[in-house]
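Encoded as structure tokens, the structure appears first; notes follow it.
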Amino acid sequence: MQEFSNESKTIGLSLEEISINEQMLYLSEIDENGKFMFDIPLKYAINTTMKYCDGSIDLYISPSDTLTINCKISKVGNLIDINASSYDENQTQFQKEFQKYDRWITKEIFKFDETFVKDKPYDELKEICFNFEKSLHENINVKIKNGLSNQIIISYLRYSATYYSYYRILRVGKTIENLDKRALYFSFLTDSIVFNNEAFTTSWYRLFLNNYTFFFEPSSAPIIHESSWTTTDQIKKGVVTKHIDNIWGLRKYIWRDFLIASNINGMVVKKEQDISAASIDFYIQFVKEKITDEYTQQFLISLLNQTRVSILERDNLEQPNAKIRNSVMESGDSLFHEILTKNKGKVIYIDFWFTGCSGCIAEFPHVEKMHSNFSDKDVAFVFLCWKSEQTSYENVIKKYQLEGQHILLNKKQYEYFEKQFQISGFPTYVLIDKEGKVYSKHASRPSYERTIKVINDLISE
């Protein structure tokens, strides 16, 4: 670390937390002696990735285990790489063997992805995926005959082959509109395949589950707001309670636990802007009542307590130096004209977002860096939000200290901008040059280094 004193002191560990259907990123600080430690909850053994700067180390970790790694960082061109130079004595052979076979199956999957042609009939694409799964299993059997004997690695490879193929089949079939054809296409997906405890060994299973629950899990009954729900907290509690009660009637056992946990994670933990610190105890009690699996229950309670701390920290912040307003009466056309007029002679970076978009919010920590880069330059940051409740909208602005111009759009205004900039998803970023002309309808994100470079180029023109 002394040779790289100007580089980051933060190292990350990412893994698929299947119990709540979430990719978790744990961070650790590297101390002055070059040491760091992760102490993480884990129920199932699984593959994970440790990331530092531009490099990464793939690992396989197990519950109640300890793994010591000696790492070496190096510069490769303009990139900073990281490698494991050694492990614990009892882990060295296993980790190296795991990485060898993980690289092999990852390479095979990437090759398949690159050659996968989507403009073919559904059934033909499905057959191609099944054939790819079959060929992977045949190759795994060859490797077993040639000396691969570790059962953990064999299981990891087999389930990776199967659930990558199923994941790809789901991605193909999600667009089938005819319900009978859709049901026939997915008839092979029995409950025993969809929820398979043994498959927790591979991160591909989480991606498969994520797509299955989003596109194919039977829909619950629509939620009708009751007149007694008046405050934001009451509305949120009512929606979550009714939604979970609907799941309770559709599923049983561990599959029910998974659906309830993933929904509470998505509706509460990931949506802290919609709730108050005072409501956290309600959700903790709800988790205790509805989730039977002890690990999942305790993990969610831990996340909810962390959410409480985060909300309290947000509530103690001062509002940033931002201009926040609603623009109810203006048309989208006149609002856009106002934005251009108000920021005449400046480069304008427009951020289209909404409070329920996790990808939008994930970019906000990077906005501060952009502000510091352009604090004394002719750049205007305009945030156009829609489909969001006023309190949640203002909570996000406050939590991330988003300086700039903020406008909460109504439906007609958003439809104007949607058509004007061909918005097809969120987040969307638009760059306008100093002459008021649209430079890019799909500009790069705040987290991308090239964004700062492009804005600097526009300032210099």
Return the set of residues passing ring-ring contact (aromatic ring centres under 6.0 Å, His included) with F214 (not counting sequence neighbours), or none when no residue passes.
none

Measure from the ring center of Y212 to the ring center of Y166 and say whether it is less than 6.0 Å.
no

Which residues satisfy the salt bridge (charged side-chain N to carboxylate O under 4.0 Å, His left out) test with D54, sequence neighbours excluded?
none

Residues which pass ring-ring contact (aromatic ring centres under 6.0 Å, His included) with F132, listed by chain and number, not counting sequence neighbours
F112, Y164

Residues passing the ring-ring contact (aromatic ring centres under 6.0 Å, His included) test with Y253, sequence neighbours excluded, are none

Holding to ring-ring contact (aromatic ring centres under 6.0 Å, His included), I want the full list of residues that pass it with F195, two or more places apart in sequence or in another chain.
F200, W255, F258

Taking only residues two or more places apart in sequence or in another chain, which ones pass disulfide (SG to SG under 2.5 Å) with C357?
C360

Could you note down all residue pairs passing side-chain hydrogen bond (donor to acceptor under 3.5 Å, both in side chains) where residues 303-314 supplies at least one of them, sequence neighbours left out?
E272-S310, D281-R308, S302-Q306, N305-R308, S310-K399

I'd like a table of donor-acceptor pairs (distance under 3.5 Å, sequence neighbours excluded) in which one partner is a side-chain atom from residues 423-432, with atom names and distances.
| unit_1 | atom_1 | unit_2 | atom_2 | d |
| --- | --- | --- | --- | --- |
| T428 | OG1 | G425 | O | 2.5 |

Sequence neighbours excluded - side-chain hydrogen bond (donor to acceptor under 3.5 Å, both in side chains) pairs with any residue from residues 144-153
none

Within the 6.0 Å centroid threshold, strictly below: W204 and Y167
yes

Scan the side chains in residues 100-109 for donor-acceptor partners under 3.5 Å anywhere in the protein, sequence neighbours excluded, and list what turns up.
| unit_1 | atom_1 | unit_2 | atom_2 | d |
| --- | --- | --- | --- | --- |
| D102 | OD1 | Y156 | OH | 2.6 |
| T106 | OG1 | D102 | O | 2.7 |
| E108 | OE2 | K111 | NZ | 3.3 |

What residues, two or more places apart in sequence or in another chain, satisfy salt bridge (charged side-chain N to carboxylate O under 4.0 Å, His left out) together with D113?
R168

Does K387 count as lying over the ring of F354, i.e. NZ or CZ under 6.0 Å from the six-ring centre, within 45 degrees of the axis?
yes

Which pairs, with at least one residue in residues 238-261 and sequence neighbours excluded, count as a salt bridge (charged side-chain N to carboxylate O under 4.0 Å, His left out)?
D191-R251, E217-R251, E226-K242, D245-K290

